[in-house]
Protein chains: 2
Amino acid sequence: MALTEDRRVRKTKKAMTEALAKLLLTKPLNNIGVREISDMADINRGTFYLHYRDVYDMVDKLQNEIFEKFNDIVDNHEPKKNTEELFPMLVELFNLLSENSELAKVLIGKNGDAAFVDKLKQVIREKCFVNVQKTFGIKNDDEFNYFYHYIVSGCIGIFSAWLNSGMKETPLEMAELTEKLILTGISTLS
Amino acid sequence: MALTEDRRVRKTKKAMTEALAKLLLTKPLNNIGVREISDMADINRGTFYLHYRDVYDMVDKLQNEIFEKFNDIVDNHEPKKNTEELFPMLVELFNLLSENSELAKVLIGKNGDAAFVDKLKQVIREKCFVNVQKTFGIKNDDEFNYFYHYIVSGCIGIFSAWLNSGMKETPLEMAELTEKLILTGISTLS
DNA sequence: TTAGGTGTGTTGATTATTCGGCATAATACA
DNA sequence: TGTATTATGCCGAATAATCAACACACCTAA
């Protein structure tokens with residue numbers, strides 16, 4: 001991966017991604033062809049193959065790109081002794097979603113990719129929740145396990161709802177709201 | 001001019017034109033540089049010179065393109081014995097404006113290019129108004145001359161107002177409105 | 001069955017765009 | 001005034017995108 005991608009590459013990838021996201025709103029992935037994507041993106045069909053092997057490869061690479069960014073953000077905000085890193089992390093996560101809103105909408109929303117969503121949840125568990133658990137001295141029992149699923153799924157639900165309702169609130173506002181929900185949830189446990 | 005322009009050329013020209021139009025909304029032409037245009041259009045600065053000599057050359061070529069299309073439309077709807085060609089001509093003219101709305105807005109609107117607007121007026125006079133005059137047996141006196149300026153400036157005014165108010169009406173609706181105004185004007189003369 | 005239409009994956013040649021750098025001109029500012 | 005700083009117009013090399021064409025697979029209807 002080049003440090004700075006060529007301008008042309010950036011533009012065509014953007015066009016292709018937006019076309020794919022638009023198509024995914026109307027039909028499932030297995031009914032989407034290369035020709036449809038290249039037509040809607042207004043690029044030559046051959047150009048598609050310069051970047052992706054086929055449509056599935058494209059979705060795969062796009063998912064990985066978003067996942068890597070998601071992962072990086074979570075990595076840079078691992079909670080150490082308290083939860084003061086929670087808010088800035090949420091802000092960055094909402095920003096990431098808004099920068100990839102069309103694609104994120106179809107990946108996370110209904111008819112989304114459950115496996116992809118699950119990967120996101122796993123990251124949060126391993127990087128954040130385990131630390132919170134240790135920090136607050138919470139036993140790793142069934143109750144905590146359910147609590148974890150409750151919180152994380154709740155966050156994903158907020159993400160999806162925000163994206164699908166036109167992102168009227170700013171990422172900052174959403175981060176505030178989400179932080180409040182998470183913290184009150186934690187307080188009931190400890 | 002190639003029959004079908006390369007996809008890349010279409011896209012870069014569109015990007016440059018939109019950037020220029022956007023800049024013209026904020027400052028006069030002589031304060032706009034190549035770098036600003038290429039930055040806003042998200043193209044390489046060198047690419048600009050593949051199409052235009054400088055910013056003035058760009059405006060010139062863009063004006064000529066629109067003017068040629070304007071001229072063609074008027075040519076294809078020269079009124080012969082009556083005014084039945086007026087309405088379809090107006091529809092096409094409003095369509096032309098909507099297809100080039102950003103640029104047309106700054107060329108025709110306030111702070112627009114008076115010389116360009118005048119060229120448009122001349123075309124209407126020579127191609128349309130002279131025929132109307134003969135058809136209706138109107139004397140070519142001062143009164144008719146003023147009438148001509150009144151009608152044509154009025155049309156330009158409608159164009160500008162429509163573009164600057166967000167083009168809420170369809171080209172068809174605008175053509176109906178404009179035709180009515182013109183015809184009632186003519187009826188007062190003959 | 002065959003024939004016609006459509007999408008796929010790939011190729012080779014061509015072209016437009018990118019990028020970095022250059023010398024110069026214009027502008028700002030101490 | 002002189003001296004940075006910035007924009008201009010242009011260049012060569014590299015490369016991404018285009019286009020037309022191909023063989024192939026799939027489908028559908030005659």
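Predicted, not measured: the structure shown is a model, and the values here were computed from it. These numbers come from the heavy atoms of this one structure, side chains and all, not from hydrogens, waters or symmetry mates.
- In this structure, CZ of A/F48 is placed 16 Å from C1' of D/dA16, rounded to the nearest angstrom.
- Note on A/R35: a base of the nucleic acid sits closer than 4.0 angstrom, heavy atoms only.
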Q | Verdict with reasoning, A/K105 to A/N100, per side chain to side chain donor-acceptor pair (under 3.5 Å) | A | CA-CA 8 Å; A/K105 202 188 298 183; A/N100 304 273; over 6 Å; no

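- Side chain of A/D113 to main chain of A/F116: a donor-acceptor pair is present (N/O by atom type, distance under 3.5 Å, no hydrogens or angles).
- Using a 4.0 Å cut-off between charged nitrogen and carboxylate oxygen, A/K69 and A/E99 do not count as a salt-bridge pair.
- Phosphate proximity of D/dA16 to A/H51: absent, as no side-chain N or O sits under 4.0 Å from OP1 or OP2.
- Note: CG (A/N31) to P (D/dC27) measures 13 Å, nearest angstrom.
- Between A/V9 and B/V55, it is B/V55 whose nearest contact on DNA chain D lies nearer the 5' terminus.
- With C/dC19, D/dA17, D/dC19 as the choices, the nucleotide that has an atom nearest any side-chain atom of B/N44 turns out to be C/dC19.
- Aromatic rings of B/Y52 and B/F48 (six-membered ring for Trp) have centroids within the 6.0 Å cut-off, being under it.
- In this structure, B/M16 atom CE and C/dT18 atom C1' are separated by 14 Å, rounded to whole Å.
- Both B/D42 and A/E36 sit near DNA chain C, but only A/E36 has its closest nucleotide nearer the 5' end.
- A salt bridge between B/K168 and B/E173 is absent, with no side-chain N of the basic residue lying under 4.0 Å from a carboxylate O of the acidic one.
- A heavy atom lying under 4.0 Å from DNA chain D marks none of the residues of residues 21-29 of chain B.
- Rounding to whole angstrom units, NZ of residue A/K14 and C1' of D/dA16 are separated by 18 Å.
- With hydrogens and angles ignored, the 3.5 Å screen pairs no side-chain donor or acceptor of B/S101 with any backbone N or O of B/L97.
- Cluster membership for B/I66 and B/V59, using ILVMFWY side-chain heavy atoms within less than 4.5 angstrom, is shared.
- Atom CD1 of B/I43 is separated from atom P of D/dA17 by 16 Å (rounded to the nearest Å).
- Between the P atom of D/dT18 and the CG atom of A/D39 lies a distance of 12 Å, rounded to the nearest Å.
- For the OP1/OP2 pair of D/dG9 and a distance below 4.0 Å, the side-chain nitrogens and oxygens of B/R53 include no atom meeting the criterion.
- Without hydrogens or angle criteria, A/Q63 side chain to A/D60 main chain gives no donor-acceptor distance under 3.5 Å.
- Between the OH atom of A/Y52 and the C1' atom of D/dA17 there is a distance of 15 Å, rounded to whole Å.
- Between the side chain of A/R45 and the base of C/dG9 there is at least one donor-acceptor pair of N/O atoms closer than 3.5 Å.
- Listed candidates were D/dG9, D/dC19, C/dC19. Nearest to the side chain of B/D54 is D/dG9.
- Note that CD1 of B/I158 and CG of B/L177 are 5.0 Å apart. Values are rounded to the nearest 0.5 Å.
- Distance, A/D6 CG to D/dT15 C1': 7 Å, rounded to whole Å.
- Applying the 4.0 Å criterion to OP1 and OP2 of C/dT10, one finds that A/Y49 has every side-chain N and O outside that range.
- Nucleic acid contact for B/L50: base, since at least one base atom lies under 4.0 Å from a heavy atom of the residue.
- Between B/K11 and the phosphate of D/dT18, there is a side-chain N or O to OP1/OP2 separation shorter than 4.0 Å.
- Under the side chain to side chain contact (heavy atoms under 4.5 Å, CB included) criterion, B/K22 pairs with B/M40, not counting sequence neighbours.
- Under the 4.0 Å criterion applied to side-chain N and carboxylate O atoms, A/D39 and A/R45 are not assigned as salt-bridge partners.
- Five base pairs at each end of the helix from C/dT1-D/dA30 to C/dA30-D/dT1 define two local axes, and these are offset by 40° (rounded to 10°).
- In terms of polar N and O atoms assigned as donor or acceptor, the side chain of B/R8 comes within less than 3.5 Å of the base of C/dT15 in a complementary pairing.
- In terms of phosphate contacts, B/T12 brings a side-chain nitrogen or oxygen within less than 4.0 Å of OP1 or OP2 of C/dT17.
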